[in-house]
Amino acid sequence: MGSRSLLAGAGQFMKKDGTLPSQTTDRLDTSTLAAADFDVDVRSGFLPPEQPLTRLPGPTFDVQNFEFSEPQPSLWECMLDWAKSIPLTFGSQYSDVAQSSAAQKWRSAIRAMPVASLSEAEMGHIRTMRRACVVLAFLSHFYMHAQIDVGQYETDPDKARSANQEAKRRIPWSNAYGLRDSAAYAEAHGEYVNKLPPGLAVPFVMVSERLGLPPVLTYATTVLWNWTLKDASKGLTSSNMEIKEMFTNSVSESHFFLTSLLIELQGVEALTLMRISLNEAFAVDKLAEQRITCYLEELANVIRKLTVLLSQMQDSCDPDTFYWDIRPWFKTGDATFTDSSAGRVPGWILEGASSERSLWTGPSAGQSTLIHALDLFLDVDHTRTKRQPNGVSSNRNDSDSTFMERMQLYMPSHHRAFLRHLQHGISTEPVCGPPKEDGADAEWSDHPIRALVLQCQWSGPNHPLVHAYDEALRALRALRDEHMRIAVQYIVHPSRRGPRNIKCSEEHEQKQTQKQTQKQKQNEDVVRGTGGTDLVNFLRACRKNTTDAMSHFT
Ligand code: HEM
């Protein structure tokens with residue numbers, strides 16, 4: 001095989017301080033596959049090695065009495081404490097009048113909340129910024145979805161109108177007691193719907209921009225930065241971690257986020273194996289082949305462990321609770337609508353922070369940098385623009401082939417930079433594989449691991465490295481098989497079953513059931529993921545892309 005010098009530009013990625021490296025090297029610096037430049041740690045991977053801050057510093061505010069003078073970021077913590085103590089419910093569904101009015105008072109307080117901001121010094125502290133982002137993300141979703149349902153979740157104008165009528169009907173006393181100007185009256189008339197007040201919108205946009213995230217709930221704010229150690233003295237181990245912020249404070253929600261967290265932690269080993277394999281790939285000798293074969297076998301084992309962890313989702317996360325009680329809180333501007341002259345338009349209005357409606361999608365573990373890194377390392381092409389092995393020529397017609405690319409926009413900027421580094425730095429000079437038996441064109445690759453696989457294929461299809469590479473891909477496909485099963489169990493089945501155990505009045509329950517039956521009919525064709533994909537077709541396509549990357553399809 002010819003020399004494997006890296007393409008120029010391999011080092012052109014942003015460093016943590018926002019600068020570019022001063023010089024490019026002629027080989028990939030794989031030490032940075034787990035380096036501080038990309039906020040990736042050898043001990044914790046994409047999770048921060050130190051436990052995330054559990055509270056923003058600052059005074060306690062008497063928020064229930066609207067004590068907002070000299071606002072500081074700790075005000076957001078006080079508002080979150082209050083939200084959790086009520087507790088808030090999706091669509092403000094209460095059978096208890098005291099809770100209902102407490103929730104309404106909380107919403108009024110959010111609207112009255114002045115804009116507090118982090119000081120320059122606080123902006124320099126990554127743990128403070130992340131905690132601020134977590135608190136603001138949870139507060140924003142709490143506020144948007146703890147409002148009365150006045151039809152904001154309906155695309156259809158007729159259904160929106162009837163939801164609106166229902167909302168007005170639910171507070172007849174506001175008219176009777178002459179409360180037309182009251183918050184209750186304004187809320188029932190949809191005055192605040194889809195509008196994030198400045199006290200939340202301004203700091204949320206600012207903090208998110210600094211961290212390179214969109215101003216919505218993400219995988220980073222629900223998983224990566226949303227945990228604490230049960231016992232600080234015992235350090236970072238899987239049995240010593242718990243989830244910090246939740247919407248429902250339920251075992252199911254905690255387990256849902258925790259499963260992803262444990263997968264991230266287990267992924268640390270995968271990052272190490274990827275790094276040492278890439279180092280070896282440059283040696284291009286027998287020893288390198290043998291070592292990479294072992295690393296790929298180990299990587300397959302790690303991926304199998306991720307599959308076991310994923311399958312344990314069902315141990316403590318109930319599918320119906322997930323679908324009906326937890327998942328609605330993840331909705332974002334792409335799934336909420338208001339009337340305008342142009343009809344029902346989607347999007348959240350970030351008051352005082354942006355003139356454009358926010359259309360970002362909700363959190364999905366599709367935003368996990370770890371899984372994207374595995375795909376890149378094993379040369380799984382979700383864009384379907386590359387030439388695939390065995391002569392499969394691809395195009396981008398599969399279900400939402402841009403989803404995985406879009407998901408990178410929801411990753412913290414350093415993790416995105418890490419993937420870019422892996423993607424661009426990974427190219428070698430193209431290597432050609434052996435001629436195909438069926439006469440199809442021989443395959444070329446500039447991907448270091450696949451190039452090595454092609455080279456080994458010259459000595460026969462049963463070369464151990466070729467086998468190990470396919471084995472790792474087979475493990476990744478099995479992970480996707482399990483994931484598909486979980487997605488069907490947690491989204492498709494509950495959506496078809498309809499809601500249960502609604503905790504409010506019987507009348508409301510009947511209405512909800514009718515509504516859901518209608519939705520169910522709409523959903524029969526397409527059930528969508530949190531990220532807005534036609535989930536079954538999309539996940540199938542991801543699995544197929546994994547199979548297509550194999551040297552031998554099996
Ligand atoms: C109840 C649990 C889960 C459900 C219902 C679920 C559902 C989904 C859905 C519907 C999608 C399609 C994209 C979208 O529209 O959101 C998706 C994508 C994805 N999810 Fe999950 N997911 C779950 C747990 C997890 C976990 C624990 C992980 C691992 C960290 C994970 C990793 C991924 C990845 C990497 C994608 C992108 C597609 C792919 O790479 O195959 N998911 N998930």
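Values in this document were obtained by computation on a predicted structure and should not be read as measured data. Counting convention: from 1, in listed order, for ligands and their atoms alike.
- Heavy-atom contacts of Phe403 reach the following atoms of ligand 1: 13 (C), 14 (C) (cutoff under 4.0 Å).
- Atom NE2 is the N/O/S atom of His483 found closest to atom 21 (Fe) of ligand 1.
- Those atoms of ligand 1 with a heavy atom of Ile371 less than 4.0 angstrom away are 35 (C).
- Ligand 1 places these atoms under 4.0 Å from at least one heavy atom of Ile491: 5 (C), 10 (C).
- Of the heavy atoms in Thr361, none comes closer than 4.0 Å to ligand 1.
- At a threshold of 4.5 Å between non-hydrogen side-chain atoms, the residues Glu280 and Arg275 do not count as touching.
- Among Phe38, Phe46, Trp225, the one residue that satisfies the ring-ring contact (aromatic ring centres under 6.0 Å, His included) test with His415 is Phe46.
- Close approach of ligand 1 to Leu535 is summarised as follows: ligand atoms under 4.0 Å from at least one heavy atom of the residue are 10 (C).
- His141 pairs with exactly one of Phe204, Trp329, Trp360, Trp348 by the ring-ring contact (aromatic ring centres under 6.0 Å, His included) rule, that one being Trp348.
- Taking the six-membered ring for Trp and the full ring otherwise, Phe247 and Phe138 have centroids separated by under 6.0 Å.
- Under a 4.0 Å criterion applied to the non-hydrogen atoms of Met313, ligand 1 contributes the atoms 1 (C), 2 (C).
- Residue Gly366 approaches ligand 1 through these ligand atoms, each under 4.0 Å from one of its heavy atoms: 19 (C), 20 (N), 33 (C), 34 (C), 35 (C), 36 (C), 37 (C).
- Applying the side-chain hydrogen bond (donor to acceptor under 3.5 Å, both in side chains) test to pairs two or more places apart or on separate chains, none has a residue in residues 44-54.
- By the criterion of a heavy-atom distance under 4.0 Å, neither the backbone nor the side chain of Met407 is placed next to ligand 1.
- In this structure, Met404 counts as a contact residue of ligand 1, since one of its heavy atoms falls inside 4.0 Å of the ligand.
- Polar contact with ligand 1: present for Arg480 (N/O pair, distance under 3.5 Å).
- Between His255 and Phe322, the ring center distance fails the sub-6.0 Å criterion.
- At a heavy-atom cutoff of 4.0 Å, ligand 1 is contacted by both the backbone and the side chain of Ala365.
- Between the side chains of Thr338 and Arg357, at least one donor N or O lies within less than 3.5 Å of an accepting N or O.
- Remark: ligand 1 atoms within the under-4.0 Å shell around heavy atoms of Tyr490 are 1 (C), 5 (C).
- Taking the ring centroids of Phe257 and Tyr219, they lie at or beyond the 6.0 Å cut-off.
- Not a single donor-acceptor pair under 3.5 Å links the side chain of Glu242 to the backbone N or O of Thr228.
- Of the options Leu310, Leu374, Leu309, the smallest heavy-atom separation from atom 27 (C) of ligand 1 is shown by Leu310.
- Of all atoms in ligand 1, numbered sequentially from 1 with element shown, those under 4.0 Å from a heavy atom of Ile486 are 1 (C), 2 (C), 3 (C).
- When heavy-atom distances to ligand 1 are checked against a 4.0 Å cut-off, Leu370 has no atom that comes that close, whether in backbone or side chain.
- Taking Glu298 as the reference, nothing meets the side-chain hydrogen bond (donor to acceptor under 3.5 Å, both in side chains) condition, with sequence neighbours excluded.
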